[in-house]
Novice: 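The structure is given below, and queries will be raised subsequently.
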Amino acid sequence: MYHYAGIDVSLECSSVCLVDGTGKILREAKVASEPEALIGWFRSLGLVLERIGLEAGPLSQWLYAAMQDAGLAVELLETRHVRDAFKAMPVKSDRNDARGIAQLMRLGWFRPVHCKSIEAQETRAVLTARKLLQSKLRDIENSLRGVLRGFGLKVGPTTERTFAERIRELVAGHPGLEVVAQALLEAHAVLRREFNGLDKHTQRLARSHPQAKLLMTTPSVGPIVALTYASAIDDPKRFRSSKATGAHFGLTPKKYQSGETDYTGRISKIGDASVREALYQAAHVMLTKPVRNCSALKGWAMRIARRAGMRKAKVALARKLAVILHRMLADAKPFNSMAKASAT
């Protein structure tokens with residue numbers, strides 16, 4: 001008799017459900033969300049489990065890696081598929097979610113998710129922290145501009161070095177505004193210092209990262225785009241075809257066909273949004289800035305722009321860049337500017 005298990009992971013305790021090959025629930029429990037506790041619970045059963053499923057989430061990759069190392073047949077499930085499978089459930093609870101995951105494992109109605117390496121996760125953490133600091137810097141600057149605008153004080157164009165000086169110049173003689181400006185400018189200075197330090201670290205990381213260094217041979221692909229893409233792909237061999245990367249990152253159109261209805265919509269926007277944003281930015285730079293060694297790619301995209309508009313051309317170019325960058329990683333070869341750009 002085959003046995004299957006589902007785990008609904010929470011911060012402190014996870015709900016676990018064990019079923020047999022007929023779908024009958026054999027055991028349920030609440031187990032601490034720690035690798036040792038979960039591994040010990042499964043080993044205490046004295047059974048060989050065919051599959052153990054857990055939904056992808058903040059703790060899931062950590063638990064998955066430890067359980068896999070312990071020899072358990074664990075699978076990491078795509079969140080979107082699990083959510084859609086549970087839409088018919090009238091009552092949502094951790095216990096019911098664990099039951100549902102166990103049944104998905106028994107029926108095989110799931111798509112496993114790649115668990116990224118520790119190096120890829122650390123790179124992603126650096127990029128996320130950098131983006132967060134950049135976002136908070138922008139928030140403070142915009143807030144200061146908005147507050148002063150209410151008093152008729154217009155900041156106007158500034159640079160990184162002149163922003164604080166311009167703010168102090170405008171609030172001079174306004175005691176209340178001076179207090180506000182001083183507090184926000186001090187926070188701004190700290191954020192700016194930390195962001196610059198993290199940005200320099202990111203640049204060094206890109207130069208020492210073999211995959212990112214290879215990707216940066218592509219025109220318009222800089223350190224941030226290269227690291228974002230390389231950490232998302234992690235292992236190029238997990239894709240059977242480079243063309244699959246476009247759909248993986250949500251850069252291919254949605255399709256709906258039923259009876260007489262046949263509709264092709266906008267891009268799906270599924271998958272990693274940060275990769276999609278990075279590829280779009282690279283495509284924007286390639287199409288709007290003078291970039292060397294990209295005449296074939298740029299010419300291909302500009303033909304699309306004349307036919308369908310610049311926005312669609314940028315999306316198409318972003319999808320093509322996803323395919324090209326994956327092929328570069330798979331072949332371990334730099335960008336070939338002489339390669340013919342054909343539709344992918």
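What you see is a predicted model; the values in this text were computed from it and never measured. Atom set for the values below is all heavy atoms of this structure, side chains included, hydrogens, waters and symmetry mates excluded. Index from 1, following the sequence.
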Novice: Regarding D331 and R327, does a basic nitrogen lie under 4.0 Å from an acidic carboxylate oxygen?
Specialist: yes
Novice: Just how far is it from atom CG of D97 to atom CD1 of I7, taken to the nearest 0.5 Å?
Specialist: 13.0 Å
Novice: Quick one: salt bridge (charged side-chain N to carboxylate O under 4.0 Å, His left out) pairs with a partner in residues 167-191, sequence neighbours left out?
Specialist: R166-E169
Novice: List the residues meeting side-chain contact (heavy atoms from CB on, under 4.5 Å) with S143, not counting sequence neighbours, and say none if there are none.
Specialist: none
Novice: What residues join V190 in its hydrophobic cluster, counting side-chain heavy atom gaps under 4.5 Å, either direct or through other members?
Specialist: none
Novice: Do L214 and F335 have side chains that approach each other closer than 4.5 Å (heavy atoms only, starting at C-beta)?
Specialist: no
Novice: Any Lys/Arg nitrogen of K87 or D84 sitting under 4.0 Å from an Asp/Glu carboxylate oxygen of the other?
Specialist: yes
Novice: Could you tell me which non-hydrogen atom of S33 sits nearest to which non-hydrogen atom of W62, and how far apart they are?
Specialist: O-CZ3, 3.7 Å
Novice: Does the pair L63 and Q68 meet the rule for a side-chain contact (heavy atoms from CB on, under 4.5 Å), with working shown?
Specialist: CA-CA 8 Å; L63 297 175; Q68 190 179 53; over 6 Å; no
Novice: For the residue pair R124 and T228, confirm or rule out a side-chain donor-acceptor distance under 3.5 Å.
Specialist: no
Novice: Determine, step by step, whether K298 and V291 satisfy the side-chain contact (heavy atoms from CB on, under 4.5 Å) criterion, reporting the C-alpha distance in whole Å, the side-chain angles of both residues, the deciding distance to 0.1 Å, and the verdict.
Specialist: CA-CA 9 Å; K298 188 170 184 177; V291 181; 6.0 Å; no
Novice: Mind listing the closest non-hydrogen atom pair of D94 and S10 along with its distance?
Specialist: OD2-OG, 3.5 Å
Novice: Under the 4.5 Å side-chain heavy-atom rule for ILVMFWY, direct or indirect, which residues accompany V155?
Specialist: V126, L133, L137, I140, L144, V147, L148, F151, L153, F163, I167, L170, V171, L177, V180, L184, L185, L191, F195, L198
Novice: Would you say that L127 contacts S231 through its side chain, given a criterion of any heavy-atom pair below 4.5 Å between the two side chains?
Specialist: yes
Novice: With salt bridge (charged side-chain N to carboxylate O under 4.0 Å, His left out) as the rule and sequence neighbours excluded, what pairs involving residues 149-160 come up?
Specialist: E160-R192
Novice: Test side-chain contact (heavy atoms from CB on, under 4.5 Å) on V16 and F42 and set out the steps.
Specialist: CA-CA 10 Å; V16 187; F42 282 115; 3.8 Å; yes
Novice: Looking only at non-hydrogen atoms, find the nearest pair between S268 and G250 and report the distance.
Specialist: OG-CA, 3.3 Å
Novice: Go through the structure and list residues passing side-chain contact (heavy atoms from CB on, under 4.5 Å) with K116, not counting sequence neighbours.
Specialist: Q61, H114, A120, Q121, D234
Novice: Looking at side-chain heavy atoms only, is the closest gap between L297 and K320 below 4.5 Å?
Specialist: yes
Novice: Which residues pass the ring-ring contact (aromatic ring centres under 6.0 Å, His included) test with H248, sequence neighbours left out?
Specialist: F239
Novice: For A247, check side-chain contact (heavy atoms from CB on, under 4.5 Å) against everything at least two apart and list the hits.
Specialist: T252
Novice: Going by salt bridge (charged side-chain N to carboxylate O under 4.0 Å, His left out), name the pairs with one or both residues in residues 43-59, residues two or more places apart or in two chains.
Specialist: none
Novice: I need the minimum non-hydrogen distance between P236 and L329, along with the two atoms involved.
Specialist: CG-CB, 3.7 Å
Novice: Might you work through the side-chain contact (heavy atoms from CB on, under 4.5 Å) test for M1 and H3, ending with a clear yes or no?
Specialist: CA-CA 7 Å; M1 177 70 72; H3 297 87; 4.1 Å; yes
Novice: Looking at side-chain heavy atoms only, is the closest gap between C17 and I25 below 4.5 Å?
Specialist: yes
Novice: Taking all non-hydrogen atoms of both residues into account, name the closest pair between A212 and A226 and its distance.
Specialist: O-CB, 3.6 Å
Novice: Output all residues satisfying ring-ring contact (aromatic ring centres under 6.0 Å, His included) with F249, sequence neighbours left out; order by chain, then residue number.
Specialist: Y229
Novice: Tell me if the CD atom of E28 is crowded by more than 12 foreign heavy atoms within 6.0 Å.
Specialist: yes
Novice: Hey, what do you get for CZ (F110) to CG (L104), rounding to the nearest 0.5 Å?
Specialist: 8.5 Å
Novice: To the nearest 0.5 Å, what is the distance between CG (L227) and NE2 (H209)?
Specialist: 6.5 Å
Novice: Going by the side-chain hydrogen bond (donor to acceptor under 3.5 Å, both in side chains) test, name the single residue among K30, R95, R99 that passes it with S15.
Specialist: K30
Novice: May I ask you to check whether T261 and S258 show a side-chain donor-acceptor distance below 3.5 Å?
Specialist: no
Novice: Donor-acceptor pairs are to be reported for all side-chain atoms of residues 277-286 against protein atoms at under 3.5 Å, with residues two or more places apart or in another chain.
Specialist:
unit_1 : atom_1 : unit_2 : atom_2 : d
E277   : OE1    : K131   : NZ     : 3.0
E277   : OE2    : Q281   : NE2    : 3.4
H284   : ND1    : K314   : NZ     : 2.8

Novice: Quick one, L18 and L49 - any side-chain contact, counting heavy atoms below 4.5 Å?
Specialist: yes
Novice: Using side-chain heavy atoms (C-beta onward) and a distance below 4.5 Å, is L76 in contact with L54?
Specialist: yes
Novice: Can you pull out every salt bridge (charged side-chain N to carboxylate O under 4.0 Å, His left out) where at least one residue sits in residues 71-80? Sequence neighbours excluded, please.
Specialist: E78-R80
